[in-house]
Visitor: 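One structure, as structure tokens, below. Some questions next.
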Amino acid sequence: MATTKELSVEEKLRALYDLQIIDTRIDEIRNVRGELPLEVEDLEDEVAGLTTRLEKLQSDLVSIEDSIKSKKVAIDNHHLAIKKYAEQQKDVRNNREFNALTKEVEFQELEIQLAEKQIKELKASTEHKKEVVANSKEKLEQKTTHLKHKKAELSDIMSETEKEETYLIKKSAEFEGSIEERLLAAYKRIRSSVRNGLAVVSIERGASAGSFFTIPPQTQVEIAARKKIITDEHSGRILVDAALADEEREKMDKLFAKM
């Protein structure tokens, strides 16, 4: 039964550094997109919210208009009732009947006054809502235009980078498959804990890339020997020598050129 060949420490370091180069390139692509997908999502939510609000306002205006019409019909009916009671007063037989009809007339007049007051309030509400509708329409138009531009911008970036990102994600998975589980888990843990996502870095001018802490000469010699995996005592990142890093960058540049 065939057994999987155990990688040497140097081969593990090269595989890790290659994976880091690929993942860094993916990070760069995603950084180009930045917050744009979230901006588009937020704008879509805003447009949906404004659309719903506008529909509600327009529905309210229809309801108010219906209420005004209903009040006007009621006023007409009250006037008819007053006319009817006035006619009936001509044929009353006593003061009690006359007074009762008078009270009915007064009640109808009060109802007319109330309805007229309500119509006045409803009309004021209509004017206010119309103003809000106009502002909402303007805001919706602005947000819709902004969303259209942002979507176009995102679409342009996606069309430029999607193919490359898909290829790199596939390559990242392939390279992960060549790294032992324990080492890969350590790589991912370090990568998630550092701000720039760099879990594997080279030695530059006696310090790990991006750091000001000098690495002792003896440790640098051990790193260059590639006999064991050494981490930076300050950042916890895995260290490789500059020569190995240059070789792997050149190799990966050739791989990327094939895209």
Side-chain angles (χ1 to χ4, degrees), residues 27-162 165-166 192 195:
D27 291 343
E28 288 169 354
I29 288 171
R30 289 174 178 170
N31 286 338
V32 169
R33 288 202 295 268
E35 299 295 316
L36 201 50
L38 287 175
E39 282 184 55
V40 168
E41 193 176 320
D42 288 344
L43 279 167
E44 285 174 337
D45 289 342
E46 280 191 72
V47 167
L50 283 167
T51 301
T52 301
R53 182 166 184 251
L54 191 56
E55 287 171 355
K56 173 69 167 57
L57 286 165
Q58 289 171 329
S59 175
D60 288 347
L61 280 172
V62 172
S63 296
I64 291 171
E65 191 59 39
D66 288 342
S67 293
I68 290 172
K69 287 177 183 176
S70 176
K71 299 292 177 189
K72 285 180 177 179
V73 170
I75 287 171
D76 289 341
N77 290 334
H78 292 314
H79 279 299
L80 288 173
I82 289 171
K83 187 176 180 181
K84 181 184 74 172
Y85 294 137
E87 288 295 324
Q88 289 176 357
Q89 280 180 325
K90 295 176 183 178
D91 299 322
V92 295
R93 290 167 297 189
N94 52 54
N95 284 340
R96 186 174 60 80
E97 288 182 4
F98 185 86
N99 291 336
L101 289 168
T102 299
K103 285 183 179 179
E104 285 293 341
V105 169
E106 288 173 353
F107 174 75
Q108 297 299 324
E109 287 173 342
L110 287 173
E111 287 294 303
I112 289 170
Q113 289 175 21
L114 177 61
E116 286 174 341
K117 180 185 176 186
Q118 289 171 336
I119 287 172
K120 187 177 180 181
E121 289 170 351
L122 288 167
K123 284 183 176 180
S125 179
T126 296
E127 291 307 309
H128 172 68
K129 282 190 183 291
K130 280 181 178 178
E131 189 177 328
V132 175
V133 165
N135 290 336
S136 296
K137 279 183 177 179
E138 185 180 352
K139 192 172 183 182
L140 178 58
E141 190 176 327
Q142 289 171 351
K143 291 291 181 183
T144 302
T145 301
H146 192 37
L147 174 59
K148 184 180 177 183
H149 290 323
K150 286 293 180 182
K151 275 187 170 180
E153 188 180 339
L154 180 58
S155 178
D156 288 343
I157 292 172
M158 289 297 290
S159 64
E160 290 171 7
T161 61
E162 194 170 17
E165 185 180 5
T166 301
S192 65
R195 184 176 54 81

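Here the structure is a predicted model, which is why all the values come from computation and not from measurement.
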Visitor: As an exercise, state the distance from CD1 of Ile64 to OG of Ser59, rounded to the nearest 0.5 Å.
Guide: 10.0 Å
Visitor: Given side chain to side chain contact (heavy atoms under 4.5 Å, CB included), test Asn77 with Val73 step by step and report yes or no.
Guide: CA-CA 6 Å; Asn77 290 334; Val73 170; 3.8 Å; yes
Visitor: Under the criterion side chain to side chain contact (heavy atoms under 4.5 Å, CB included), I'd like the reasoning laid out for Glu46 against Leu43: C-alpha separation, chi angles, the key distance, then a yes or no.
Guide: CA-CA 5 Å; Glu46 280 191 72; Leu43 279 167; 4.2 Å; yes
Visitor: Which residues satisfy the salt bridge (charged side-chain N to carboxylate O under 4.0 Å, His left out) test with Glu44, sequence neighbours excluded?
Guide: Lys151
Visitor: Would you mind writing out the side-chain donor-acceptor pairs for residues 32-40 within the sub-3.5 Å range, not counting sequence neighbours?
Guide:
residue, atom, partner, partner atom, Å
Arg33, NH1, Glu165, OE1, 2.8
Arg33, NH2, Glu165, OE1, 3.1
Arg33, NH2, Glu165, OE2, 3.3
Glu39, OE1, Lys150, NZ, 3.2

Visitor: Tell me every residue that passes salt bridge (charged side-chain N to carboxylate O under 4.0 Å, His left out) with Lys84, counting only those two or more places apart in sequence or in another chain.
Guide: none
Visitor: Applying side chain to side chain donor-acceptor pair (under 3.5 Å), which residue pairs with at least one partner in residues 112-128 are found, sequence neighbours left out?
Guide: Lys71-Gln118
Visitor: Step by step, would you call Phe107 with Lys103 a side chain to side chain contact (heavy atoms under 4.5 Å, CB included)?
Guide: CA-CA 6 Å; Phe107 174 75; Lys103 285 183 179 179; over 6 Å; no
Visitor: Can you list everything that forms a side chain to side chain contact (heavy atoms under 4.5 Å, CB included) with Asp60? Sequence neighbours excluded, please.
Guide: Lys56, Lys129
Visitor: Got a second to check how far Lys72's NZ is from Ile119's CD1, nearest 0.5 Å?
Guide: 6.0 Å
Visitor: Tell me every residue that passes side-chain hydrogen bond (donor to acceptor under 3.5 Å, both in side chains) with Gln89, counting only those two or more places apart in sequence or in another chain.
Guide: Thr102
Visitor: Under the side-chain hydrogen bond (donor to acceptor under 3.5 Å, both in side chains) test, which residues partner Asp66, sequence neighbours left out?
Guide: none
Visitor: Got a second to check how far Asp76's CG is from Ile112's CD1, nearest 0.5 Å?
Guide: 9.0 Å
Visitor: Once salt bridge (Lys or Arg N to Asp or Glu O under 4.0 Å) is applied, what residue pairs with a partner in residues 90-100 remain, sequence neighbours excluded?
Guide: Glu87-Lys90, Arg93-Glu97
Visitor: Rounded to the nearest 0.5 Å, how far does OG1 of Thr161 lie from CG of Asp156?
Guide: 10.5 Å
Visitor: Excluding sequence neighbours, so at least two apart, what forms side chain to side chain contact (heavy atoms under 4.5 Å, CB included) with Val47?
Guide: Thr51, Leu140, Lys143, Thr144, Leu147
Visitor: List the residues meeting side chain to side chain contact (heavy atoms under 4.5 Å, CB included) with Glu162, not counting sequence neighbours, and say none if there are none.
Guide: Met158, Thr166
Visitor: Got a sec, which residues hit salt bridge (charged side-chain N to carboxylate O under 4.0 Å, His left out) with Glu109, two or more places apart in sequence or on another chain?
Guide: none
Visitor: To the closest 0.5 Å, what do you measure between CD (Glu160) and OG (Ser155)?
Guide: 9.5 Å
Visitor: What pairs with Glu131 under side chain to side chain contact (heavy atoms under 4.5 Å, CB included), at least two apart in sequence or on another chain?
Guide: Asn135
